[in-house]
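Accompanying notes for the structure given below.
Along the sequence shown, the residues carry numbers beginning at 1. Heavy atoms only: backbone and side chains are in, while hydrogens, waters and symmetry mates are out.
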Amino acid sequence: MHMPIPKAELHVHIEGTLEPELAFDLARRNGITLPYSEVEELRAAYSFSDLQSFLNLYYELMDVLRTEEDFRDLTLAYLARAASQGVRHAEIFFDPQAHTSRGVPFEVVLEGITSALKTSEDEYGVSTALILCFLRDRPASEAMETLVAARPHLEHLSAVGLDSAEVGHPPSKFTEVFDAAAQLGLRRVAHAGEEGPPEYIREALDLLGAERIDHGIRCLDDPDLVTRLAESRTPLTVCPFSNVRLRAVDTLDVHPLPALMEAGLLVTINSDDPSYFGGHVHDNFLGVQEHLGLSNEDLRSLARNSFTASFLSEERRSALIAEVDAYSFE
Ligand SMILES: Nc1ncnc2[nH]cnc12
Ligand SMILES: [Zn+2]
């Protein structure tokens with residue numbers, strides 16, 4: 001097969017890459033009985049009415065992740081798949097509180113993931129960064145405890161992020177923990193404007209110091225905010241399949257990606273939770289091309305944006321952008 005265009009993936013939750021087959025394998029290995037009799041029955045449950053209905057299943061299935069080996073296998077499976085999708089650099093989210101709250105130690109999670117990441121460049125040609133996400137529907141004090149747990153391991157972490165149920169949990173709740181993360185030298189991103197209002201995007205910028213907005217599609221409800229995001233070149237990590245599956249957008253044909261691009265925003269395309277939403281990152285590229293009439297040169301711009309919006313060194317960034325520029329679609 002012709003290799004897909006080189007790209008960075010900047011919005012992927014490692015727990016959202018858990019395929020049903022691997023979930024059953026890990027359940028068997030750990031002596032856990034899933035409330036689904038087989039892979040097909042589990043896949044049939046992947047029908048969501050909104051973000052919360054997805055999160056319920058996402059957290060439930062995480063129960064199969066218990067040991068360092070589980071987290072390593074999960075991460076290796078993602079990296080292999082990402083490489084085949086043309087991913088050359090991945091900035092990967094993980095949700096430590098979803099594991100520590102079940103009694104899985106922070107170190108088990110982190111060491112499992114990082115043991116896979118350290119082989120990634122050699123094995124798959126994919127450089128990586130790791131982003132620790134706080135669960136916004138849990139107390140800010142718990143986020144702070146998580147940051148404290150992470151402190152001895154800063155060499156493995158590039159940034160902090162904010163995810164989980166958005167509405168009713170504004171960024172302002174996490175001002176203190178994001179300040180503390182910045183003091184530790186961590187970069188900052190936040191989910192905002194997925195289901196929540198433009199005001200949450202403003203808070204993420206002004207109160208959390210977010211350098212990228214994850215999703216951010218609802219900025220379009222606030223033209224002044226769109227102008228601000230365009231002028232500041234603040235990246236949006238847009239996830240088209242996710243938006244459709246979680247009903248933030250009715251269908252792919254009416255996805256606001258073209259409006260975001262026309263407004264001059266630094267837009268990137270990402271998979272979010274690929275095993276749940278019907279495709280990995282290149283599948284999202286092909287989906288928006290087909291349904292929104294994007295040209296190959298539009299895809300090239302989006303791929304270029306993904307490296308521009310990354311936390312890569314200038315040297316690797318320009319080398320990868322040169323690969324995008326040299327890529328032939330034929
Ligand atoms: N799309 C999403 N929004 C918020 N939290 C998430 N956690 C995993 N996927 C998410
Ligand atoms: Zn997400």
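Donor-acceptor pairing under 3.5 Å is lacking for the side chains of Ser310 and His89. Judged by distance alone, the side chains of Glu111 and Ser115 never bring a donor and an acceptor atom under 3.5 Å apart. For Asn30 and Asp70, the side-chain atoms include at least one donor-acceptor pair closer than 3.5 Å. Side-chain atoms of Thr237 and Asp214 include a donor-acceptor pair closer than 3.5 Å. Inspection of the Ser164 and Tyr59 side chains reveals an N or O donor paired with an N or O acceptor under 3.5 Å. No donor-acceptor contact under 3.5 angstrom links the side chains of Ser306 and Glu9, judged on distance only. Side chain to side chain, Tyr58 and Asp95 meet the donor-acceptor criterion of an N or O pair below 3.5 Å. With hydrogens and angles left out, the side-chain atoms of Ser53 and Asp50 include a donor and acceptor closer than 3.5 Å. No hydrogens or angles considered: nothing links the side chains of Asp122 and Thr119 as a donor-acceptor pair under 3.5 Å. Side-chain contact annotation: Asp272 with His11, donor-acceptor N/O pair under 3.5 Å present.
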Any chance you could lay out the side chain to side chain donor-acceptor pair (under 3.5 Å) test for Thr268 and Asn305, step after step, and finish with the verdict?
-> CA-CA 6 Å; Thr268 68; Asn305 287 353; over 6 Å; no

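Judged as a side chain to side chain contact (heavy atoms under 4.5 Å, CB included), and not counting sequence neighbours, the contacts of Pro139 are Ser141, Glu142. Residues satisfying the side chain to side chain contact (heavy atoms under 4.5 Å, CB included) test with Ala80, not counting sequence neighbours, are Tyr124. Residues satisfying the salt bridge (Lys or Arg N to Asp or Glu O under 4.0 Å) criterion with Asp206, sequence neighbours excluded, are Arg228. By the side chain to side chain contact (heavy atoms under 4.5 Å, CB included) test, Asp283 is found to be paired with Gln85, Phe241, His280, residues two or more places apart in sequence or in another chain being considered. Partners of Ser172 according to the side chain to side chain donor-acceptor pair (under 3.5 Å) rule, which considers only residues two or more places apart in sequence or in another chain, are Glu203. In this view, Thr308 satisfies the side chain to side chain donor-acceptor pair (under 3.5 Å) rule with no residue, not counting sequence neighbours. When the side chain to side chain donor-acceptor pair (under 3.5 Å) test is applied to Tyr46, no partner is found at least two apart in sequence or on another chain. Qualifying side chain to side chain contact (heavy atoms under 4.5 Å, CB included) partners for Ser47, counting only residues two or more places apart in sequence or in other chains: none. With sequence neighbours left out, the side chain to side chain donor-acceptor pair (under 3.5 Å) criterion links Asp163 to His13.
To the nearest 0.5 Å, atom CG of residue Leu57 and atom CD of residue Gln52 are 12.0 Å apart. Atom NZ in Lys173 sits 12.5 Å away from atom CZ in Phe134 (nearest 0.5 Å). Atom CD1 of Ile92 and atom OG1 of Thr17 lie 8.0 Å apart (nearest 0.5 Å).
Aromatic pair Phe94/Phe71: centroids not less than 6.0 angstrom apart.
Here ring-ring contact (aromatic ring centres under 6.0 Å, His included) pairs that include residues 135-159, with residues two or more places apart or in two chains, are Phe106-His153. Pairs of residues two or more places apart, or lying in two chains, that qualify as side-chain hydrogen bond (donor to acceptor under 3.5 Å, both in side chains) and include a residue from residues 251-262 are Asn243-His255, Asp253-His291.
Both the sub-6.0 Å distance and the 45° axial angle are satisfied by Lys7 relative to the ring of Phe285.
Apart from Phe93 itself, the hydrophobic cluster it occupies contains Ile131, Val189, Phe311, where clustering links Ile, Leu, Val, Met, Phe, Trp and Tyr at side-chain heavy-atom distances under 4.5 Å.
Side-chain atoms of Arg212 come within 3.5 Å of backbone N or O of Ala309 as a donor-acceptor pair. A donor-acceptor pair under 3.5 Å links the side-chain atoms of Thr227 to the main chain of Pro223, judged by distance alone. Side chain of Arg188 to main chain of Ala181: no donor-acceptor pair is present (N/O by atom type, distance under 3.5 Å, no hydrogens or angles).
By the 6.0 Å contact criterion, CD on Glu121 is enclosed, its count of non-hydrogen atoms from other residues, nucleotides or ligands being greater than 12.
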